[in-house]
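Structure record follows, encoded as structure tokens.
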Amino acid sequence: MVVRECGGGLVFYEDSVLLEQNDKLEWAFPKGVVRKGEKVNLIAVERVKVETGIDAEILAPCGKTKYEFYSVSRRKPVHNNVSWYVMKATNNNPVPNPEANVVKAEFIPVEVALKTITYSQDKTLLMMAYQKYKELT
């Protein structure tokens, strides 16, 4: 099994959250793998920028999630440990990056996002992150 550390962001602009849709049509938050020697918080900010074109600043850590999937290309299971951050966007005009497997990127009102997100653990994460965001702004 491959075990990877990742960093990601729940990026807010007013009462909307940034979601991206991948090439499998799954809606989720921007995130990426942390390589040896890299800092997880910097990777989280970088992945938001690379995948959606949005500049964002970290307001607070937001917890961790873990999930596993089978990688067809590697022919083995992959376990991702993701450290999440609550972020505030400087603008609300995302541009999806197809080279990063992002086909859509949108700021969606939180209430709608809770119905749009593909994975249930991401819905729980969003509720926690939105509460932190409101407390901090």
Side-chain angles (χ1 to χ4, degrees):
M1 176 180 293
V2 176
V3 177
R4 305 186 310 181
E5 298 301 318
C6 303
L10 285 89
V11 183
F12 295 94
Y13 187 87
E14 296 176 353
D15 288 323
S16 295
V17 66
L18 179 63
L19 292 183
E20 59 182 35
Q21 188 180 52
N22 64 22
D23 54 1
K24 297 175 194 164
L25 305 181
E26 300 165 325
W27 287 96
F29 307 111
K31 66 181 172 303
V33 176
V34 178
R35 308 268 181 238
K36 187 176 181 176
E38 295 177 328
K39 294 186 181 271
V40 67
N41 60 331
L42 298 179
I43 292 304
V45 171
E46 177 186 289
R47 293 315 300 174
V48 168
K49 178 70 172 177
V50 167
E51 294 176 11
T52 69
I54 293 293
D55 290 310
E57 65 174 300
I58 292 176
L59 299 178
C62 186
K64 297 182 180 200
T65 58
K66 300 175 183 199
Y67 65 93
E68 292 180 7
F69 64 95
Y70 185 82
S71 171
V72 175
S73 60
R74 291 184 180 95
R75 297 189 192 153
K76 60 175 79 170
V78 175
H79 178 90
N80 281 348
N81 296 312
V82 187
S83 296
W84 294 100
Y85 297 89
V86 176
M87 298 183 190
K88 183 177 181 180
T90 59
N91 66 67
N92 66 343
N93 297 311
V95 177
N97 181 353
E99 292 179 12
N101 296 321
V102 178
V103 296
K104 287 185 184 176
E106 300 176 15
F107 277 97
I108 299 175
V110 171
E111 299 295 325
V112 176
L114 285 168
K115 298 173 187 167
T116 306
I117 295 168
T118 300
Y119 299 105
S120 59
Q121 71 178 358
D122 288 349
K123 293 176 185 188
T124 303
L125 186 65
L126 174 55
M127 289 186 291
M128 290 180 2
Y130 187 53
Q131 185 64 38
K132 278 191 180 184
Y133 172 75
K134 289 182 78 151
E135 290 170 5
L136 295 168
T137 58

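Computed over heavy atoms, backbone and side chain alike; hydrogens, waters and symmetry mates excluded.
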Do [X] and [Y] belong together in a cluster built from hydrophobic side chains that touch within less than 4.5 Å?
{"X": "L10", "Y": "I43", "result": "no"}
{"X": "V112", "Y": "Y13", "result": "no"}
{"X": "M87", "Y": "L136", "result": "no"}

If you draw a 6.0 Å radius around [atom1] in [X], do more than 12 non-hydrogen atoms from other residues or ligands fall strictly inside?
{"X": "K88", "atom1": "NZ", "result": "no"}
{"X": "E38", "atom1": "CD", "result": "yes"}
{"X": "K123", "atom1": "NZ", "result": "yes"}
{"X": "E135", "atom1": "CD", "result": "yes"}

Side chains of [X] and [Y], heavy atoms from C-beta outward: is any pair under 4.5 Å?
{"X": "V33", "Y": "C6", "answer": "yes"}
{"X": "Y67", "Y": "H79", "answer": "no"}
{"X": "V17", "Y": "Y130", "answer": "no"}
{"X": "K49", "Y": "D55", "answer": "yes"}
{"X": "E26", "Y": "Y119", "answer": "yes"}
{"X": "Y85", "Y": "V40", "answer": "yes"}
{"X": "K132", "Y": "F12", "answer": "no"}

Task: E5 and N81 side chains, donor-acceptor separation under 3.5 Å - done: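 Note: N81 and E5 side chains meet the donor-acceptor criterion.
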Under the 3.5 angstrom rule, does the side chain of [X] hit a backbone N or O of [Y] as a donor-acceptor pair?
{"X": "T118", "Y": "W27", "result": "yes"}
{"X": "T52", "Y": "P94", "result": "no"}
{"X": "N91", "Y": "N93", "result": "yes"}

Open item on the list: Parallel, tilted or perpendicular, judged at 30° and 60°: which one describes the rings of F29 and W84?
Closed with: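 Perpendicular, since the angle between the ring planes exceeds 60°.
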TODO: Hey, could you give me the CG/CG distance between L126 and L114, rounded to the nearest 0.5 Å?
DONE: 4.5 Å
